[in-house]
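The structure appears below as structure tokens.
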Number of protein chains: 2
Amino acid sequence: MSFFDPLKKALRKEGLRYTQQRQAVWDELRATDDHRDAEEIYLALRNSGFKVSRATVYRTIDVLVKNNLVRKLKLGDGHARFEHKVDSAHHDHLICAQCGKIEEFVDDVIETRQNKIVEELGSKLIRHIHQLFVICKECQTA
Amino acid sequence: MSFFDPLKKALRKEGLRYTQQRQAVWDELRATDDHRDAEEIYLALRNSGFKVSRATVYRTIDVLVKNNLVRKLKLGDGHARFEHKVDSAHHDHLICAQCGKIEEFVDDVIETRQNKIVEELGSKLIRHIHQLFVICKECQTA
DNA sequence: TATTTTATTGAGATTGAGTCTCAGAAAATA
DNA sequence: TATTTTCTGAGACTCAATCTCAATAAAATA
Ligand SMILES: [Mn+2]
Ligand SMILES: [Mn+2]
Ligand SMILES: [Zn+2]
Ligand SMILES: [Zn+2]
């Protein structure tokens with residue numbers, strides 16, 4: 001709502017208008033800490049009674065990703081997943097190949113080694129993907 | 001050709017027949033150490049005069065990936081890439097976001113930390129993806 | 001080897017996540 | 001309010017990948 005509202009700030013920066021649909025998509029993304037796909041966001045909005053189209057959901061998420069309010073994850077199952085970045089530092093993901101549960105991790109040693117590898121090649125690190133596919137504790141005993 | 005020919009061994013294990021098309025796809029994959037997509041493999045075969053269909057290229061690569069003769073990479077550009085695993089130990093990838101050049105790296109410290117992270121959660125590591133997107137040395141000065 | 005059986009192949013249809021189009025709706029501007 | 005500009009939504013479209021099924025090739029059998 002305020003002048004520093006991150007959605008409005010992003011829209012201003014992109015020269016885009018503030019709309020109910022864009023607000024609703026952003027609200028829905030912040031409603032959970034899950035890693036949901038576009039269809040789940042779309043259905044959550046529709047089921048809550050809000051009229052919005054898939055096209056607008058995709059378009060709005062693009063803007064949010066571009067402006068660092070949302071992170072896009074590709075876990076290899078054919079549809080991108082999204083998580084909001086409010087109060088969320090960088091982290092990577094650990095995915096159960098059986099039940100699909102997603103956990104998060106950060107490791108300073110790994111981050112440091114990454115930088116070193118890139119530096120030694122004379123390159124400049126832009127972003128990285130680090131995903132650990134596992135069988136989780138629960139799925140092992142099941 | 002021999003009894004220990006890895007393609008024939010894989011086909012035997014899967015209960016599949018040995019065919020000219022399957023041999024040709026496997027040969028083409030071993031012809032370079034590049035990270036090519038299915039269309040590039042397909043076109044290389046066609047351009048060399050060998051008649052094969054896209055369907056067979058995709059189907060054969062699936063068998064090779066399943067049997068650890070080929071590694072499948074998803075680098076986020078929408079089409080999977082493949083590399084043969086002959087004389088090739090595990091490694092991860094460093095991709096220039098500008099020119100697309102792919103370099104390989106391995107880091108024992110990272111591999112060890114990965115195992116530790118997974119172990120502490122009581123999970124079992126199946127596979128991992130670690131990709132560093134960079135601007136390479138050449139692209140920085142260009 | 002010839003015949004029969006079974007798996008493979010290829011051309012093109014299909015799928016599905018994501019993108020695009022464009023007429024109508026909504027917001028900004030005057 | 002009237003005019004201009006941007007946004008939205010329904011559905012068409014894209015494209016890598018998968019599927020279909022009649023024709024073909026390999027294996028099994030005689
Ligand atoms: Mn996360
Ligand atoms: Mn490689
Ligand atoms: Zn699990
Ligand atoms: Zn480069």
Quiz item: Taking for each residue the nucleotide of DNA chain D with the nearest heavy atom, is it Lys72(B) or Phe50(A) whose nucleotide lies nearer the 5' end?
Solution: Phe50(A)
Quiz item: Looking only at heavy atoms, which two atoms of Leu11(B) and Arg22(B) are closest? And how far apart?
Solution: CD2-CD, 3.9 Å
Exercise. Grab the CZ-P distance between Arg36(A) and dA17(C) for me, whole Å please.
Key: 17 Å
Quiz item: How far does NE2 of His35(B) sit from CD of Glu103(B), to the nearest 0.5 angstrom?
Solution: 10.5 Å
Self-check item: Check: Arg17(B) side chain, dA27(D) base, donor-acceptor under 3.5 Å
Solution: no
Quiz item: Side chain of Arg59(A), base of dG9(D): donor and acceptor closer than 3.5 Å?
Solution: yes
Quiz item: Rounded to whole angstroms, how far apart are CG on Asp37(B) and P on dT18(D)?
Solution: 13 Å
Quiz item: Can you hop from Val70(B) to Leu43(B) via hydrophobic side chains spaced under 4.5 Å?
Solution: yes
Quiz item: With a 4.0 Å cut-off on heavy atoms, is Arg22(B) in touch with a base, just the backbone sugar-phosphate, or nothing at all?
Solution: sugar-phosphate
Quiz prompt | First encountered from the 5' end of DNA chain D, between His79(B) and Tyr42(A) | solution = Tyr42(A)
Quiz item: Given dT8(D), dC7(D), dC19(D), which nucleotide is nearest the side-chain atoms of Gln21(A)?
Solution: dT8(D)
Exercise. Grab the CD-P distance between Gln20(A) and dA28(C) for me, whole Å please.
Key: 10 Å
Practice problem: Kindly point out which of dG18(C), dG10(C), dG9(D) is positioned nearest to the side chain of Ala38(A)? | Solution: dG18(C)
Quiz item: Think Thr19(A) has a side-chain N or O under 4.0 angstrom from the OP1 or OP2 of dA27(C)?
Solution: no
Quiz item: Atom CD of Gln23(A) and atom P of dA27(C): how far apart are they, to the nearest Å?
Solution: 13 Å
Quiz item: Starting at CG of Leu11(B) and ending at P of dT8(C), how long is that distance when rounded to a whole Å?
Solution: 9 Å
Exercise. Give the nucleotide from the list dA16(D), dA11(C), dT19(C) with an atom nearest to the side chain of Tyr58(B).
Key: dA16(D)
Quiz item: What's the closest nucleotide to the Thr56(B) side chain, out of dA16(D), dA11(C), dG10(C)?
Solution: dG10(C)
Quiz item: Phe82(A) has an atom CZ; how far is it from atom P of dA17(C), in whole Å?
Solution: 12 Å
Quiz item: Please give, in whole Å, the distance from dT15(C) C1' to Asp77(A) CG?
Solution: 16 Å
Quiz item: Can a side chain N or O of Lys51(A) be found less than 4.0 Å away from OP1 or OP2 on dA25(C)?
Solution: no
Self-check item: Atom pair distance, as rounded to whole Å: CZ in Arg54(B) and C1' in dT20(D)
Solution: 17 Å
Practice problem: Please determine if Lys72(B) forms a cation-pi arrangement with Phe82(B), meaning its NZ or CZ atom is less than 6.0 Å from the six-membered ring centre and no more than 45° off the ring axis. | Solution: no
Quiz item: Does any N or O in the side chain of Thr56(A) come within less than 3.5 Å of the main-chain N or O of Val52(A), such that one atom is a donor and the other an acceptor?
Solution: no
